[in-house]
Engineer: 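Here it is, the structure, as structure tokens.
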Amino acid sequence: MRRDIWQWGSFTLQYISFAGPKPTKEGRRMDLHAMRHSAAHVMAQAIRELYPNAQFAFGPETETGFYYDVKIPGGAIGNEDLPKIEKGMQRIAKGRHPFVRSEMSRDEALKYFGSQEFKVKALEGLLAGEKTVSLYEQNGFTDLCKGPHVEHTGQIGAFSVDRIAGSYWLGDSKNEPLQRVYGLCFPTMDELKEYKTMMEEARKRDHREVGKKLDLFSFHEEGPGFVFWHPKGLTLFNTLISFIRDENDSRGSREIKTPEILSVDLWHRSGHYDNFREHMYFTSAEEKPYAVKPMNCPGSILVYKEGLHSFRDLPLRLMEMGHVHRFELSGVLHGLFRLRAFTQDDGHIYCAPEQVEGEISSFVDYVFHVYKIFGFEDVTVFVSTRPEHSMGADEVWESSTNALKSALEKKGVAYKVKEGEGAFYGPKIEFNVKDCIKRNWQLGTIQVDFSMPERFELDYVHTDGSRRRPVLLHRAVLGSLERFLGIYMEQVVGAFPPWLAPVQAAILSVTDNQNEYAKEILAALKAGGVRAELDVSGERLNKKIRNAQLAKTPYMIILGEKEAAARNISVRLRSGENVNEISTETFVRTVGDLSASRSNVLWPVLPS
RNA sequence: GCCGGCGUAGCUCAGGGGUAGAGCAGCUGAUUCGUAAUCAGCAGGCCGUGGGUUCGAUUCCCACCGCCGGCUCCA
């Protein structure tokens, strides 16, 4: 598990119910942190029993348990060791061995841990300033540790040794590689089981599997990190774009489109060359250097600079379905979540300084509105401050960060601060949503930028005729459309609402005798704007239904003798319910209405 | 990029130093059937790529590519 809940490309489950101390079956109040930390020590002991020469680095708790970074000189821990380690841990836990704290001077500790190279490094590095250090011992195993721990190993609750992964001393790939052994630990067995069930659920929802099963997209060796959209996936993608386009239009945004490859000079001027180069693709033509755009702002700025702007034009809201390329290390690619090229619903708002707050305020409303439509009701807001790698004066950073905070405060929107997580050109607000299995995802963002307007000498004519510098706001509601679709696929496990479903209706003839009628119905549905497919495969109805059901098709139009004779249709909903013998017009109108309102409902009033 | 694992038919997966198997999907035929898999037959693979070891490699070794899980990074 990663330490931070908003990270994507992976996810972190938050177990709210475990936020604080909790009584165990022993009736004691136990601190979960101490419990997990203690479990790490017990695991270390179990590992040492298996590999007496194991070298231990750090073993902290995580959000779902703990891990320990280990090196086995001349060997490695294998998957087959995990059950052994777990057994060892169970034995130690059963022994109810007390955790005994002691202190010694740093010099003594250096001698004491002489054979543990990482403990020595820790004492010489991180702990160099300490006079004394604390140790914890259980059952003959002593570790350097500041604690606290539970009283004895019997208080550790339910745990399991989960998996093994690579890591480095101090997390730096230049340092020595270590093995990280992850463990899960919860107060009770029920909670451990619940977590494991949830992980199983998450695996089943994996958008890469959904995409394959529903024939939405694929990946190929020939283009690692680049998605290939299939017809059904692209229908989804285009439907999403048309949705967000409508939302933008109704908020006064004008759409533009700018080139994907632009002169390197532009990227020097924008600061991307200095601050973002390692993520950029470069090319050349006629011996002139170009870069493939990793962001859309410079293109938008060129559009703004074309012509003179009056204060009356502001705020000028431009937006672009910008397809950007960003080089990513091969090891981080992950389905639609982490690509090397993706499409942003990327807006750039040029406004007067006094308009910033109002723009932010209405953007917050916009974001909440859209997320709700997708069933993301639980939104967390973060303000990210100046990162190390950045440009601009401190005062400007401070005032723009304050502008963000004050806009949120005036709206009464609660937020948390993420120090040093802003963009290189300005601070930002990030919007996180929680999906239905409690995973957090970062989606939208709005960023204040005083820097680009300066670099590109943007201006507008003020009321008094003087030239003023506008503020640039960068904003995205969905972020990466590809990634958003991946998240949403996992949210609904491929069962898209009618308005998004690539195939809205599957027309199933009961026997071949209805195939002609089925073709008529197909034409009628298509004419009515319903995305429909015909199944005249000669399979039995059961099989046709099964196929449509596995494809998560919202509506199955069943056409048998009865319907053909009465010239009506029967609808089986994805939910299993039926709306029998209605007119094609009623069906088209109903699906149309539900789609127009982006409803999640399959049918307005379910038959009883 | 780094650490570890994996790569066999369109998909899911068995197998294993003597040259490959299942289920589903596909094709053909029969069946014409009312709410989650009709039956039978056929076809389908340079066992990721390139080297090496060997009489012989898909199997063992090495390198590369890709994928998966992590580290780091990130939309």
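So you know, we letter chains A, B, ... as the sequences are listed, proteins then strands, and number each from 1. It should be emphasised that the depicted structure is a prediction, and the values quoted were computed from it without experimental measurement.
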Engineer: Considering every strand and a 4.0 Å limit on heavy-atom distances, what is the contact class for G479(A): base, sugar-phosphate, or nothing?
Structural biologist: nothing
Engineer: Who pairs with H207(A) by ring pair (Phe, Tyr, Trp, His ring centres under 6.0 Å), at least two apart in sequence or on another chain?
Structural biologist: F337(A)
Engineer: Could you work out which one of G34(B), C65(B), A75(B) sits closest to the side chain of E221(A)?
Structural biologist: C65(B)
Engineer: Spell out, as yes or no, whether a donor-acceptor pair under 3.5 Å connects the side chain of Q514(A) to the backbone of T511(A).
Structural biologist: yes
Engineer: Need one value for D346(A): base, sugar-phosphate or nothing, where a base atom within 4.0 Å counts as base even if backbone is also close, heavy atoms only.
Structural biologist: nothing
Engineer: Throw together a table of side-chain donor-acceptor distances under 3.5 angstrom for residues 535-546 of chain A, partners on residues two or more places apart or in other chains.
Structural biologist:
residue	atom	partner	partner atom	Å
D535(A)	OD1	S537(A)	N	3.0
D535(A)	OD1	S537(A)	OG	2.8
S537(A)	OG	E539(A)	N	3.3
K544(A)	NZ	S509(A)	O	2.9
K544(A)	NZ	S509(A)	OG	2.9
K544(A)	NZ	D535(A)	O	3.0

Engineer: Pick base, sugar-phosphate or nothing for N542(A), based on heavy-atom distances below 4.0 Å to the nucleic acid.
Structural biologist: sugar-phosphate
Engineer: Within the 4.0 Å heavy-atom criterion, would you say E222(A) contacts the bases, only the backbone, or no part of the nucleic acid?
Structural biologist: nothing
Engineer: Taking atom types as modelled, is there a side-chain donor on E482(A) or T343(A) under 3.5 Å from an acceptor on the other?
Structural biologist: yes
Engineer: Centroid-to-centroid, H369(A) to Y366(A), below 6.0 Å?
Structural biologist: no
Engineer: In dot-bracket form, 5' to 3', how is RNA chain B paired? Count Watson-Crick and G-U wobble pairs only if both distances fall under 3.5 Å, and write | where the partner sits on another strand.
Structural biologist: (((((((..((((....[..)))).(((((.......))))).....(((((..]....))))))))))))....
Engineer: Checking only heavy atoms, does the side chain of N513(A) share a donor-acceptor pair with the base of U32(B) at less than 3.5 Å?
Structural biologist: no
Engineer: For residues Y555(A) and F587(A), establish whether the separation of their ring centroids is below 6.0 Å.
Structural biologist: yes
Engineer: Touch check for L550(A), heavy atoms < 4.0 angstrom, all strands: base, sugar-phosphate only, or nothing?
Structural biologist: base
Engineer: With stacking defined as ring centroids separated by under 5.5 Å and planes differing by under 30°, is F342(A) stacked against A75(B)?
Structural biologist: yes
Engineer: Taking any heavy-atom pair under 4.0 Å as a contact, classify R180(A): base, sugar-phosphate, or nothing.
Structural biologist: sugar-phosphate
